[in-house]
Amino acid sequence: APEPLAPTIDSARRVLKQYYGYDHFRPLQQDIIESILSGRDTVVLMPTGGGKSVCFQVPAMVQEGVCVVVSPLIALMKDQVEALKANGISAACINSSIGQAEQNSIAKACHAGALKLLYVSPEKLLSEGFLSFLQRIKVSMFAIDEAHCISSWGHDFRPEYTQLKVLRQQFPAVPIIALTATADRLTQRDIQQQLRLNDPQVFLSSFDRPNLNLSVRPGQDRVTGIINYLKNHPEEPGIVYCLSRKQCETLAGKLKEKGYRAGFYHAGMTDKARSDVQEKFLRDDLQIICATVAFGMGIDKSNVRWVIHYNLPKNIEGYYQEIGRAGRDGAPAEAVLFYSYADVAQLRDMITKDADPRLSQLNTTKLERMQQFAEAGSCRRRILLAYFGEVSETDCGNCDICRNPPSTFDGTELAQKALSAVARTREAAPLSVVVDILLGRRNQGVISRGYDQIKTFGAGANLTFLDWQSYLHQLLNAGLLYIAYEQGYALKLTEQGWQVLKGERRLNLRQFQVPEKTEKAPKGR
Ligand code: ADP
Ligand code: ZN
């Protein structure tokens, strides 16, 4: 039968089979591709490994013209283009490292309509002449990869990304698809607003990874802890994330001494040394990589069985991304975090050195959320999902807390006091002020806003500051509250928070205990 004029999901499915070898789209992929083919701006929030590439590459293949892909990392770009070419897809990339002759031949292919995917860095895209070049060829769509880089509240902000708003202005008829593995509320909002998307269809895939077992262990004697762990996981490939380059090297050395096939990876190595290590890990010649967070972006190894965090990550976004490299094949995998308060202190020092006070405050708040996760006494997966705006109704049964639950009490009334205080500030006060209100403290921050007049003022005076802090953290972790970073860090109620406040749902809390914070800093710094 002759090919219909407008590309359809059927032609997309044929491309999926022919070029990728897959028989079916994953459920969300099909909806996303239909949205794109209908010409709508589209936002895709999908965890790493979810299959985002197919979402724009396949429509690019079935549409006339070239799909311009904006991607922040030149190294990743090259890999992706090589992979596409290897599958017989006509793709190219233009960035600062590409010579004029090659650029000319790429331009020629675009004019001839022979190129399907063109990867560019944001700098290149916005550089003089490039947009007018795009005006002269047929652009099928723009795909903005790693779109969270546009949010100055995110963990990976790239100022160049904010200039991408010119695309909507200069190419009003070309659909834009924005893709990211970060899904918090602010990022979602920033992507839509900053790219000036036109009534976009938003697809949020679940960030749950039920096959991943989550646990936190005390941070003493980490090396011994890791070696014991490895004894119970013989031959299973895994990654240990360390904070410093030196730590990666030291730890890899110690593991080698014990007879493990371990290597290290960090940004201080040559390109060649890095790709060698990566290659060996992919081929299972190395069982273990001790790496900084530089490792993992764009690495497609599905049988990583465990990820260990030697140190506390700086924020939940980073932690989630790193543990997401384990168990991509869907088989059981483990994420183990070694935690000591000394890590928080060290990270806090690093963060507060930032010259920009706004960033330093933002990153401190994010670090605190990470700390609360590590110290939490409720289902870890629920905390993670709540952070990404997903509320699950049940405990997961596959984390250390679920397997070994601490004792809890019915904290509904206590929670209602706190939630009511938040509501009565019109959701405008940060956590410390809410605690002051509950305790009935008449200080400047309280009086100047008239919070001493609200009904909940002093309603929790029978408890201490630390008690209330802990309970509010538990409410954050339970997804009843969230922090609006962009509004002075104000606490706000989620839908579930309102339900508890109205008595439509009950809640268990964990008794607060003063934490032990006298531990020595671990060695090896
Ligand atoms: P992301 O960019 O979201 O991290 P990728 O696009 O790299 O994810 O895809 C992750 C893995 O899933 C890849 O190995 C990819 O080939 C595979 N994949 C994607 N779509 C499908 C599908 N429809 N059926 C089977 N496997 C798929
Ligand atoms: Zn759990």
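For ligands, and for the atoms within them, numbers begin at 1 and follow the listed sequence. Predicted model only: the values in this text are computed from it and were never measured. If you read the sequence from its start, that first residue is 1, and numbering goes on from there.
Inspection of the Q372 and E368 side chains reveals no N or O donor paired with an N or O acceptor under 3.5 Å. Counting only N and O atoms by type, the side chains of S378 and Q474 include no donor and acceptor under 3.5 Å apart.
Residue pairs that meet the side chain to side chain donor-acceptor pair (under 3.5 Å) test with at least one member in residues 84-95, sequence neighbours left out, are N95-S97. Applying the ring-ring contact (aromatic ring centres under 6.0 Å, His included) test to pairs two or more places apart or on separate chains, those with a residue in residues 186-213 are F207-Y320, F207-F388.
Residue-environment remark: CD (E504) exceeds the threshold of 12 foreign heavy atoms within 6.0 Å.
Of the charged side-chain nitrogens involved, at least one lies within less than 4.0 Å of a carboxylate oxygen, so that K301 and D284 count as a salt-bridged pair. A salt bridge links R506 to D410: one of the charged nitrogens lies within less than 4.0 Å of a carboxylate oxygen. Remark: R403 does not engage D400 in a salt bridge, criterion side-chain N to carboxylate O under 4.0 Å.
The closest donor-acceptor contact from the side chain of Y119 to the backbone of L76 lies at 3.5 Å or more, if one exists at all.
Ligand 1 is surrounded by Y22, H24, F25, R26, Q29, P47, T48, G49, G50, G51, K52, S53, V54, D300, each with at least one heavy atom closer than 4.0 Å.
Counting only distances under 2.8 Å, and ignoring water, the protein N, O or S atoms around the Zn ion (ligand 2) are C379 SG, C396 SG, C399 SG, C402 SG.
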